[in-house]
Amino acid sequence: MIRDKKAFLSNLTLGVGMALAVSCFAVLSQMFNHQSGIYTPYIILLAGSIAYIVAKSVGELSLMYPGAFGIWTYIRNAWGNFIGLGVVLGYVIMLLLVAGIEGKLLGQIFSVLFNISHPALIVTALFLFVMGINWYGLNFSKRAQIGMVLLLVFISLLLALLVWIKVPEESANSAIPAETALDSLLEMLIIAFFLFVGFEWTTNSANTSRKAAGDIPKVLTASIAVLVVYYFLFSVSMQAYLNHDTAHHSMTPHVSMATYSLGESGSFLIFVLSSLAVLSSFNVGLIGATRLIYAVAREGYLPESFSSNINRHGVPVWPLLFLGTSGLVIAVFCAIAEIDIAILSEVAALIICLIYAILLHTALRLRTLHGEKVSKQQKLLPAPLINIVTGLMVTVIVAIIADKGWSFEIQFSLTVLFLVMVCAGLMIVNRYNKLFQKEKSQ
C-alpha cells in the first residue's frame, strides 16, 4: 500500500529520469549492433531482473535508515567514513563522466539536426537551465522533473509507435539469423544492465518525510518495472525499424527513426526528446549529488562553506555551483572535442559496478543490526542470491579492465587516478579526525 501517492510519483520520476538519458539510446544501438542483436528485447527483461535484485537490496537499506542522506549514510555505517567518502567521490566522478557522454551525444545530434559545427551554445544553455531549476530549491526541481519525465516517456513511446505503424509488416516480422553462443548473450546482458543505472539515485534525492520514506523500496522496484516496459517497447519498435533499414545503425538511432517516421518535421521532435533526456538526467544528478556533498560537508569532511552557505530556497550554494559548473565544462569540452565516449562509458561502468557491489554487500552486512526491523516491512532477499549478483559485478569489473584492450596510457592514467583518490581520501579523513579530537580535548 502506497502511503503518499504524490511523493511516490515525484520519487519515481527521479529514479526513472536518471536512467533515461540520451546515452540509453546509444546503449540500445550497441546491443542491436551485436551479433545476437535480435534478442535485445528479451535480454532487457533479464537485465531488469538483475537490476531488481539491486533495487531490493537498496530498498532494504532505505528501510534501515529512513529519511537519511541515502548512499553516504548506508556505506558509512557499514564500512566507515573512508569507504563512504570513496563511494561519494565515485558517484561525483561518474556524474561528471555521464555529463561528458551526454554532451558528446548532444553535440552529434545537434550537428546533424541544425548543420552546425559547434553545438556548444545549445549544450551550455541546457546545462545552465538545469542549474537554474536547482537554484530554486528541491521542491521546484522535483516538480519540474515530473513534467520532464512524463513528457519524455510520452514522446519517445509515441515515436516508437509511429515507427512501428510505418514499417512494412514483412520487415517488422523478419529477423536476421544470429549467433547464440553463451558468451555473446552474456556480453549483451552486461551491456543491457547499464540501461538501468541511476535508479538508486532516488535515495539521495527523495522526499524525506516519514510517510514517503517508507515507500522508497516500492519506488525503487517500480522504477525498474517502468524502465523494463519502456525499453522493451522501444526496442521492439527499433528492431522492426532496423530490420527494414539496416543501414541506420548509429549511436543516436532515435534521430533516424524520427526522420523515417515524420520526415523533416521529425527534427523538432528529436530536439525536444534529446533535450528532455539530458535535462531530466542531469537534474536528478544535481539534486542527488548536491545533497551528498552537503551531507559529507556537514560531517566535517569538506570545507564548512559547502554546508553553511545556503540560499533562501534552502539550496547549498557551493555544492550546486561546483557540480553544475564542472558538469557544464566537461559536457561542452566533450561536445566540441574529439573524445571517444566508449572510454568514458567504460570508466563510468567500472565505477558503478564497484558501487553496486559495495551496496549489495552493505545490505548483507547491516542485516545483523537491522535485519529484524526490515523483515517486518518487506521480504528479505536470500543472501546467496545477493552474493551471486555481487560476483557478477566484480566479474564485469575484471572483464572491462582485462578484455577491452585499453592502451598502457589509459590503464596508467586510471591507476594514477585511483591512487590520487585513495590519497585524497586518507588525507581528508586524517585531517578532520585530528580536528575532531582537538575540539573534544577543548
Side-chain angles (χ1 to χ4, degrees), residues 13-14 17-26 92 95-138 140-156 159 198 201 205 251-252 254-255 258-259 264-290 311 313 315-339 341 344:
T13 58
L14 294 174
M18 186 67 177
L20 290 182
V22 175
S23 52
C24 72
F25 298 109
V92 171
L95 178 66
L96 297 179
L97 288 172
V98 170
I101 295 169
E102 296 295 293
K104 184 64 176 179
L105 291 173
L106 271 183
Q108 293 177 351
I109 292 170
F110 293 153
S111 295
V112 172
L113 292 181
F114 306 115
N115 195 26
I116 53 177
S117 57
H118 299 293
L121 286 178
I122 301 179
V123 174
T124 301
L126 290 174
F127 276 75
L128 287 177
F129 180 72
V130 175
M131 291 176 65
I133 291 176
N134 278 262
W135 181 266
Y136 286 97
L138 186 62
F140 183 79
S141 55
K142 284 183 176 180
R143 287 195 295 270
Q145 182 70 14
I146 293 174
M148 289 188 293
V149 170
L150 292 179
L151 188 56
L152 169 62
V153 171
F154 172 76
I155 292 177
S156 51
L159 172 61
W201 212 240
S205 319
M251 294 296 285
T252 54
H254 57 303
V255 176
T259 304
E264 292 298 324
S265 58
S267 298
F268 175 74
L269 184 70
I270 287 304
F271 173 76
V272 175
L273 176 59
S274 301
S275 299
L276 285 172
V278 170
L279 291 173
S280 65
S281 61
F282 195 59
N283 183 45
V284 181
L286 268 187
I287 293 173
T290 299
N311 71 9
H313 302 288
V315 178
V317 174
W318 287 114
L320 175 62
L321 293 179
F322 168 73
L323 293 167
T325 304
S326 300
L328 170 61
V329 170
I330 292 174
V332 171
F333 175 76
C334 291
I336 62 178
E338 293 296 327
I339 299 293
I341 62 172
L344 299 181

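Residues Val278 and Leu106 meet the side-chain proximity criterion, which asks for heavy atoms closer than 4.5 Å. With contacts defined as side-chain heavy-atom distances shorter than 4.5 Å, the pair Phe110/Leu126 qualifies. Phe322 places none of its side-chain heavy atoms less than 4.5 Å from the side chain of Pro316. Counting heavy atoms from C-beta outward, Ile146 and Leu150 have side chains that approach closer than 4.5 Å. At a threshold of 4.5 Å between non-hydrogen side-chain atoms, the residues Trp135 and Val317 count as touching. Counting heavy atoms from C-beta on, the side chains of Leu105 and Ser23 come closer than 4.5 Å. Two residues are said to be in side-chain contact when any heavy atoms from C-beta on lie closer than 4.5 Å; Phe271 and Ile122 meet this criterion.
Residues Ile133 and Ala144 come closest through the heavy atom pair CG2-CB, 4.0 Å. Across all non-hydrogen atoms, the minimal contact from Ala337 to Lys104 is O-NZ, 2.7 Å. When all heavy atoms are compared, the tightest approach of Leu96 to Leu323 is CD2-O, 4.2 Å. In terms of heavy atoms, Leu344 sits closest to Gly100 at CD1-C, 4.3 Å. What you find for His254 and Leu273 is that their closest heavy atoms are CD2-CD2, 4.0 Å. When all heavy atoms of Phe127 and Ala331 are compared, the closest pair comes out as CZ-CB, 3.5 Å.
Expressed to the nearest 0.5 Å, how far CD1 of Ile270 lies from OG1 of Thr259 amounts to 7.0 Å. Note: Gln108 CD to Ser274 OG = 11.0 Å, rounded to the nearest 0.5 Å. Residue Leu320 holds its CG atom at 9.5 Å from OG of Ser141, rounded to the nearest 0.5 Å.
When atom types are taken as modelled, the side chain of Gln145 and the backbone of Thr13 share a donor-acceptor pair closer than 3.5 angstrom. Here the side chain of Ser280 pairs a donor or acceptor atom with the backbone of Ala277 at under 3.5 angstrom.
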Open item on the list: side-chain contact (heavy atoms from CB on, under 4.5 Å), that's the test. Do Met18 and Leu95 meet it? Break it down for me.
Closed with: CA-CA 10 Å; Met18 186 67 177; Leu95 178 66; 4.3 Å; yes
Task: Working for side-chain contact (heavy atoms from CB on, under 4.5 Å), residues Val315 and Asn134 - done: CA-CA 8 Å; Val315 178; Asn134 278 262; 5.7 Å; no
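With Met148 as the fixed residue, the side-chain contact (heavy atoms from CB on, under 4.5 Å) test singles out one of Asn283, Leu20, Val130, Val284: Asn283.
Counting heavy atoms of neighbouring residues, nucleotides and ligands inside a 6.0 Å radius, atom CG of Leu151 exceeds 12 of them.
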